[in-house]
Amino acid sequence: MPVSLCVLRELLVESGVAPAVAEAIRPDAPLLRQGIDSLDFSAFCLAVENRFALSLDECDALSLRTLDDFAACLCAARGDAAAKTDPARRLLENWQEVEAGRSYEVGPLRPGDGQGIAQLFYTIYGDRYPVEEYYRPERIEALNAKGHLLTVVARLETGIVAGQGAYFQSSPPNKALFEFGQVMVDPAYRNTTMAAKIIREMDRLSRGMSQAQGFFGEAVCTHLVTQKLVDKQGYSECGLEASLMPSGAYEKEGAGSQRVSCLLGARVDRDRRMALHLPECYERELAFVLGGFSLDRDVLFGGPDRPTAPETAFERRLFDFAQVERVQASRIGADFPVRAAALDQEAAARGLAVVQVFVNAGDPGTAFAVAALRERGFFLGGLIPLWFGTDGLLMQKLYVAPEFDAINLYSARAKTILEFVRADYDRVRK
């Protein structure tokens, strides 16, 4: 698929070249002989890398002299990427260029939008997003049709998608708890209000989602943009997932070389009364988290009494790219310490970075499970309403060095939760 010379000229302007100079550039002549100095050329190489999710080493850059050279290199790079997976190949073959400066409208997904949404995932994450179906336009549209996914798009006047956000069914065993996220805007529209308009429309549509009891989100802590945008949407911070994602997944979003933590927030729309069994060792921390919600709960703080069930019910999911295992402990049994030990040992042997265990806090064995996990070096992550239908208590263990000092948080409440998490991390390591 040819790369538009118009797009390359736009990138020259983004790199500091005067628009008149960029427009006059002959595509078959060396850039450095047409009024482009070495600093502008270096900035242009970086702009090309960022726009097309490409990495140019010094040898590559020295061999690229003209706009035609860059266009040919990008076509070859896309061809290499297409060879990796069938979804990526089909996506790239049908690629639609996003033109800057167009008017747009924000609204629900329409038939045909799947291509543009899949392109956004590829533009932002390259081929590194851990869920392959988001590179398949037909799957995106099918999930929306079935109500498993609700996508809001920013559609240009040309019909091409330039931004999106979504509510989707993800890790929670309770499929009536939808995840809020995937807010992405094409780089050509980053300096606009597009993201804010997408989130506002998502909030409006979510109020009519009869299939949803509540929503939760994982805001990356490399920047404050997402945290600020959702601050007024009725979400309350309820946890922190330490070092959840590798830096490579968010390198375009300002991540450094360390792993990226995520701030958990939730909104409950349809609650019901239920018992909540919590460990007394976290009474102060969890009382603070619960104070951010209006939940109908019979809260019981207690010690690690032995559970009555003989066997634990585990559901495990491994995210290979992220080096993360996520475990759902829906029932706590007497064998939980043995299961926790095996889980910990397997994670270390496989070289994982993070293991998360979500404990069903509606189970009277919650404190028993937490005690066993803390003995293995697991520490507090947070409390997510309705995770199992009942609430879920997150415990987590890091097998890599934490990056607490690199975490950026917007609200005072989020900063207090970070203090709780970090302090417990220090306690379990003593």
Side-chain angles (χ1 to χ4, degrees), residues 171-174 177 238-242 264 266 272-290 293 295-318 324-348 352 354-399 417 420-430:
S171 291
N174 176 17
L177 179 65
C238 57
L240 185 86
E241 298 173 290
L264 282 164
R272 60 184 176 83
R273 187 169 187 173
M274 64 184 77
L276 184 56
H277 300 271
L278 298 174
E280 59 188 1
C281 64
Y282 292 142
E283 184 168 358
R284 180 170 70 102
E285 294 87 345
L286 296 179
F288 176 83
V289 172
L290 287 169
F293 297 91
L295 302 175
D296 192 358
R297 297 290 181 271
D298 295 321
V299 183
L300 304 168
F301 284 97
D305 295 334
R306 195 169 186 83
T308 56
E311 296 183 354
T312 297
F314 263 3
E315 288 186 16
R316 300 171 62 171
R317 183 178 180 187
L318 180 64
V324 172
E325 183 163 20
R326 184 168 274 178
V327 180
Q328 312 294 344
S330 58
R331 184 183 67 243
I332 308 303
D335 64 341
F336 190 92
V338 175
R339 299 291 297 276
L343 181 72
D344 183 25
Q345 292 162 2
E346 290 173 21
L352 296 186
V354 181
V355 173
Q356 297 181 324
V357 179
F358 290 82
V359 180
N360 180 2
D363 190 308
T366 300
F368 179 78
V370 167
L373 289 167
R374 295 186 85 243
E375 287 181 5
R376 306 295 309 186
F378 284 76
F379 58 100
L380 179 65
L383 183 72
I384 308 93
L386 305 178
W387 188 264
F388 293 89
T390 50
D391 303 335
L393 177 63
L394 171 61
M395 299 293 293
Q396 55 194 336
K397 181 171 181 177
L398 304 183
Y399 300 82
I417 290 174
F420 289 153
V421 169
R422 189 168 189 172
D424 199 44
Y425 171 82
D426 290 337
R427 281 194 296 268
V428 299
R429 286 170 55 84
K430 291 181 180 179

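Basis for what follows: all heavy atoms, side chains included, without hydrogens, waters or symmetry-related copies.
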Problem - Distance in Å, Leu393 CG paired with Asp363 CG, rounded so as to fall on 0.5 Å steps - result: 12.0 Å
Exercise for the section: For Gly365 and Pro307, work out which heavy atoms get closest and say how close. Expected result: CA-CB, 4.3 Å
Exercise for the section: Verify side-chain contact (heavy atoms from CB on, under 4.5 Å) between Val359 and Leu373, making sure each step is shown before the conclusion. Expected result: CA-CA 10 Å; Val359 180; Leu373 289 167; 4.1 Å; yes
Problem - Side-chain touch Phe358/Ser171, heavy atoms, less than 4.5 angstrom - result: no
Problem - Student check: side-chain heavy atoms of Asp344 and Tyr399 closer than 4.5 Å - result: yes
Exercise for the section: Compare all side-chain heavy atoms of Arg316 with those of Leu343 and state whether any distance is below 4.5 angstrom. Expected result: yes
Practice task
Please tell me if the side chains of Leu240 and Arg422 come closer than 4.5 Å, counting only heavy atoms from C-beta onward.
Solution key: no
Problem - Distance, nearest 0.5 Å, that separates CZ of Phe420 from CZ of Arg284 - result: 4.5 Å
Practice task
Measure the CZ-CG distance between Arg427 and Leu380 for me, rounded to the nearest 0.5 Å.
Solution key: 8.5 Å
Completion exercise
What one should report as the nearest heavy-atom pair of Ala242 and Val354 is O-CG2, 4.0 Å
Fill in the blank from the handout: Nearest heavy-atom approach of Ala287 to Phe301 is N-CZ, 4.4 Å
Practice task
Could you tell me whether the side chain of Leu386 reaches within less than 4.5 Å of the side chain of Met274, counting heavy atoms only?
Solution key: yes
Practice task
Any salt bridge (Lys or Arg N to Asp or Glu O under 4.0 Å) involving residues 305-314? Give me the pairs, sequence neighbours left out, ordered by first then second residue.
Solution key: none
Handout entry: Asp391 (side chain) donor-acceptor with Ala361 (main chain) under 3.5 angstrom
Key = no
Problem - Beyond-backbone contact of Thr366 with Pro279, side-chain heavy atoms, under 4.5 angstrom - result: yes
Handout entry: Reference residue Asp424; test side chain to side chain donor-acceptor pair (under 3.5 Å); the match among Gln396, Arg429, Arg374
Key = Arg374
Exercise for the section: Taking all heavy atoms of Arg272 and all of Gly389, pick out the closest pair and write down the distance. Expected result: NH2-O, 3.8 Å
Practice task
Using the side-chain contact (heavy atoms from CB on, under 4.5 Å) rule, take Leu278 and Glu285 through it: C-alpha gap first, then chi angles, then the decisive distance, then the call.
Solution key: CA-CA 11 Å; Leu278 298 174; Glu285 294 87 345; over 6 Å; no
Fill in the blank from the handout: Distance col, row Thr312:OG1 vs Arg339:CZ, nearest 0.5 angstrom, shows 6.0 Å
Exercise for the section: Would you give the length of the straight line joining atom CG of Leu394 to atom CG of Leu383, rounded to the nearest 0.5 angstrom? Expected result: 9.5 Å
Practice task
Return the minimal non-hydrogen interatomic distance between His277 and Ala275, and the atom names on each side.
Solution key: NE2-CB, 4.0 Å
Problem - Phe336 to Ala329 - nearest heavy-atom pair and separation - result: CE1-CB, 4.2 Å
Exercise for the section: Taking the side chain as every heavy atom from C-beta outward, state whether Phe288 and Ile417 have any pair of such atoms under 4.5 Å apart. Expected result: yes
Problem - Arg273 vs Asp298, salt bridge (Lys or Arg N to Asp or Glu O under 4.0 Å): CA-CA, chis, key distance, verdict - result: CA-CA 8 Å; Arg273 187 169 187 173; Asp298 295 321; 3.0 Å; yes
Handout entry: Neighbour count >12 (heavy atoms, 6.0 Å) for atom CD, Glu315
Key = no
Handout entry: Working for side-chain contact (heavy atoms from CB on, under 4.5 Å), residues Arg331 and Asn360
Key = CA-CA 7 Å; Arg331 184 183 67 243; Asn360 180 2; over 6 Å; no
Handout entry: Exceeds 12 heavy-atom contacts within 6.0 angstrom, atom CZ of Arg317
Key = no
Problem - Close side-chain approach of Val428 to Lys397, heavy-atom, < 4.5 Å - result: no
Problem - Pairs meeting criterion ring pair (Phe, Tyr, Trp, His ring centres under 6.0 Å) with involvement of residues 362-384, two or more places apart - result: Phe379-Tyr425
Problem - From CG (Leu290) to CZ (Arg297), nearest 0.5 Å - result: 8.0 Å
